[in-house]
Amino acid sequence: MKARLSGGHFRMINEKLYTCTGKEALNYFQEEPSLFALYHAGYKMQMSNWPQQPVNVIIDWLKKKTPSLVVADFGCGDALIAKSVENKVYSLDLVSNDPNIIACDMSNTPLDDSSIDVAVFCLSLMGTNYQSYIKEANRVLKPGGWLLIAEVKSRFDPNTGGANPEKFTNAISELGFKSVKKDFSNKMFILFYFTKKDKQNFKRKEIEWPLLKPCLYKRR
């Protein structure tokens with residue numbers, strides 16, 4: 001019974017996060033911080049069923065790079081990236097129960113302009129205003145910096161209501177990035193790799209951002 005109640009709370013919070021803005025999510029958890037721990041307990045349980053974790057793929061990628069790269073982990077959860085690499089990592093999330101995690105709205109971080117070498121979104125583009133998170137990453141990234149995005153594969157399956165991955169890639173490219181790689185090899189998630197262009201087009205046209213399908217869990 002306790003497990004079913006916990007699962008129900010997780011599904012409720014998960015749906016909330018996928019159907020509200022980042023600012024609304026921040027206010028939601030500020031009003032009831034205990035829900036954040038409840039959400040992450042359910043998240044870990046769901047992820048335990050995955051044969052491979054996208055965060056581990058990102059950690060392995062970082063370990064192959066120079067440890068001098070400064071990383072911003074948007075939606076860091078338990079800050080596993082910071083705990084696993086030698087790099088300086090700014091761990092960002094909506095709630096902080098750890099002095100090393102910065103609590104903030106992912107679209108309005110305290111990081112300086114052009115101060116970051118690698119921006120990471122690992123299953124964290126959850127808000128309805130997800131494009132503002134990517135714009136914030138663009139602001140804090142140095143020219144030539146990396147943007148890594150790992151997302152649930154079903155969110156990018158047009159056959160089931162997901163976004164077209166090419167439209168998603170094109171939108172980020174129009175923002176000022178170059179698409180380097182799209183990794184579809186995993187059954188559960190997709191990984192996008194971008195680099196920030198050295199020259200930004202400040203007169204760019206209005207970007208058409210595709211709607212990202214919420215990743216909602218069915219009641220069991």
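Along the sequence shown, residues are numbered consecutively beginning with 1. Please read all numbers here as calculations on a predicted model, not as lab measurements.
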Here the gap from Lys83 atom NZ to Ile59 atom CD1, rounded to the nearest 0.5 Å, amounts to 10.5 Å
Determine whether Gln52 and Met188 make a side-chain contact, defined as any pair of heavy atoms from C-beta on separated by less than 4.5 Å.
no
Derivation and outcome, side-chain contact (heavy atoms from CB on, under 4.5 Å), residues Phe156 and Glu151
CA-CA 8 Å; Phe156 292 94; Glu151 266 303 337; 3.6 Å; yes
Are the charged groups of Glu24 and Lys16 less than 4.0 angstrom apart, N to O?
no
Hey, are Ser107 and Asp105 close enough side-chain-wise for a donor-acceptor pair under 3.5 Å?
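Yes.
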Are Arg11 and Asn14 close enough that some pair of their side-chain heavy atoms sits under 4.5 Å apart?
no
Answer yes if Phe184 and Phe168 sit in the same cluster of Ile, Leu, Val, Met, Phe, Trp and Tyr residues linked by side chain heavy atoms under 4.5 Å apart, and no otherwise.
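Cluster IDs for Phe184 and Phe168 match.
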When you compare the side chain of Ile149 with that of Ile172, does any pair of heavy atoms fall below 4.5 Å?
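Heavy-atom side-chain distance check passes, below 4.5 Å.
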Say whether, by atom type as modelled, one donor and one acceptor occur between the side chain of Asp113 and the main chain of Val140 under 3.5 angstrom.
no
So how far is it from Asp157 CG to Ile190 CD1, rounded to the nearest 0.5 Å?
10.0 Å
When you measure from the centre of the six-membered ring of Phe177, is the NZ or CZ of Lys196 closer than 6.0 Å and no more than 45° off the axis?
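Because its charged atom misses either the 6.0 Å distance or the 45° angle limit, Lys196 does not stack over Phe177.
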Looking at Val70, is its backbone amide N or carbonyl O close enough to the side chain of Asp117 to form a donor-acceptor pair, meaning the two atoms are under 3.5 Å apart?
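A pair under 3.5 Å: yes.
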Joint cluster assignment, Tyr18 & Leu211, ILVMFWY side-chain distance < 4.5 Å
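Different clusters.
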Residues Ala137 and Leu147: closest non-hydrogen pair is CB-CD1, 4.2 Å
Is it true that atom NZ of Lys23 has more than 12 heavy atoms of other residues, nucleotides or ligands lying nearer than 6.0 Å?
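Open: at most 12 neighbouring heavy atoms sit under 6.0 Å from NZ of Lys23.
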Using the rule that two of Ile, Leu, Val, Met, Phe, Trp, Tyr join whenever any of their side-chain heavy atoms come within less than 4.5 Å, decide whether Ile101 and Val95 are in one cluster.
no
Do the side chain of Ser173 and the main chain of Thr169 share a donor and acceptor less than 3.5 angstrom apart?
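Yes, Ser173 side chain to Thr169 backbone: donor-acceptor pair under 3.5 Å.
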Between CG of Asp60 and CG of Asn56, what distance do you get to the nearest 0.5 Å?
6.5 Å
Relative to Tyr90, does Lys88 satisfy both conditions: NZ or CZ under 6.0 angstrom from the six-membered ring centre, and within 45 degrees of the ring's axis?
yes
Where Asp198 and Gly144 come nearest, the two heavy atoms and their spacing
OD1-N, 3.6 Å
Give, for atom OG of Ser91 and atom CD1 of Ile102, the distance between the pair rounded to the nearest 0.5 Å.
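CD1 of Ile102 is found 7.5 Å from OG of Ser91.
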With heavy-atom distances below 4.5 Å as the criterion, would you say the side chains of Val57 and Leu191 are in contact?
yes
Just by distance, do the side chain of Arg155 and the backbone of Lys213 share a donor-acceptor pair under 3.5 Å?
yes
Any side-chain hydrogen bond (donor to acceptor under 3.5 Å, both in side chains) involving residues 62-73? Give me the pairs, sequence neighbours left out, ordered by first then second residue.
Thr66-Ser68
Interatomic distance, Thr195 atom OG1 to Lys178 atom NZ [nearest 0.5 angstrom]:
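Atom-to-atom, Thr195:OG1 and Lys178:NZ are 6.0 Å apart.
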More than 12 heavy atoms of other groups within 6.0 Å of Glu86 CD
no
Taking the side chain as every heavy atom from C-beta outward, state whether Leu62 and Ile81 have any atom pair closer than 4.5 Å.
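Result yes, sub-4.5 Å side-chain heavy-atom pair found.
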Take the angle between the ring planes of Phe194 and Phe192 and call it parallel below 30°, perpendicular above 60°, tilted in between.
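Phe194 and Phe192: parallel rings.
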How close do Glu32 and Ser34 get, heavy atom to heavy atom, and via which atoms?
OE2-OG, 2.9 Å
Where do Ser179 and Lys182 come nearest, in terms of heavy atoms and distance?
OG-NZ, 4.2 Å
Tell me whether Gln53 contacts the main-chain N or O of Met47 through its side chain, where contact means a donor paired with an acceptor under 3.5 Å.
yes
Indicate yes or no: does Asp78 engage Lys44 in a salt bridge with an N to O separation below 4.0 Å.
yes
Grab the two heavy atoms, one from Thr160 and one from Ser154, that are nearest each other, plus how far apart they are.
OG1-O, 4.1 Å
Here the pair of heavy atoms bringing Asp93 nearest to Gly75 is OD2-C, 3.5 Å
So do the side chains of Trp146 and Val180 get within less than 4.5 Å of each other, counting heavy atoms only?
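The answer is yes, as the side chains (C-beta and beyond) meet within the 4.5 Å cut-off.
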Contact between Ile13 and Glu15 at the side-chain level, heavy atoms closer than 4.5 Å - yes or no?
no
Does Glu166 offer a backbone N or O that forms a donor-acceptor pair with the side chain of Asn164 under 3.5 Å?
yes
Approximate separation, where rounding is to 0.5 Å, of Asn87 CG and Leu69 CG:
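Going from the CG atom of Asn87 to the CG atom of Leu69 covers 6.0 Å.
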What about Tyr39 and Phe10, are their ring centers closer than 6.0 Å?
yes
Determine, using the 4.5 Å side-chain heavy-atom cutoff (strictly less than), whether Met45 and Val152 are members of one ILVMFWY cluster.
no
Can you give each donor-acceptor pair under 3.5 Å made by side-chain atoms of residues 118-136, sequence neighbours left out, with the distance rounded to 0.1 Å?
{"from": "Ser124", "atom 1": "OG", "to": "Phe74", "atom 2": "O", "distance (Å)": "2.8"}
{"from": "Ser124", "atom 1": "OG", "to": "Cys122", "atom 2": "N", "distance (Å)": "3.4"}
{"from": "Thr128", "atom 1": "OG1", "to": "Cys20", "atom 2": "O", "distance (Å)": "3.4"}
{"from": "Asn129", "atom 1": "OD1", "to": "Gly22", "atom 2": "N", "distance (Å)": "3.0"}
{"from": "Asn129", "atom 1": "OD1", "to": "Tyr133", "atom 2": "OH", "distance (Å)": "3.4"}
{"from": "Asn129", "atom 1": "ND2", "to": "Ser132", "atom 2": "OG", "distance (Å)": "2.9"}
{"from": "Tyr130", "atom 1": "OH", "to": "Pro210", "atom 2": "O", "distance (Å)": "2.6"}
{"from": "Ser132", "atom 1": "OG", "to": "Asn129", "atom 2": "O", "distance (Å)": "2.6"}
{"from": "Tyr133", "atom 1": "OH", "to": "Gly22", "atom 2": "N", "distance (Å)": "3.2"}
{"from": "Glu136", "atom 1": "OE1", "to": "Arg139", "atom 2": "NE", "distance (Å)": "3.0"}
{"from": "Glu136", "atom 1": "OE2", "to": "Thr109", "atom 2": "N", "distance (Å)": "2.9"}
{"from": "Glu136", "atom 1": "OE2", "to": "Thr109", "atom 2": "OG1", "distance (Å)": "2.7"}
{"from": "Glu136", "atom 1": "OE2", "to": "Arg139", "atom 2": "NE", "distance (Å)": "3.4"}
{"from": "Glu136", "atom 1": "OE2", "to": "Arg139", "atom 2": "NH2", "distance (Å)": "2.7"}

Would you call Leu92 and Cys104 a side-chain contact if the rule is heavy atoms closer than 4.5 Å?
yes
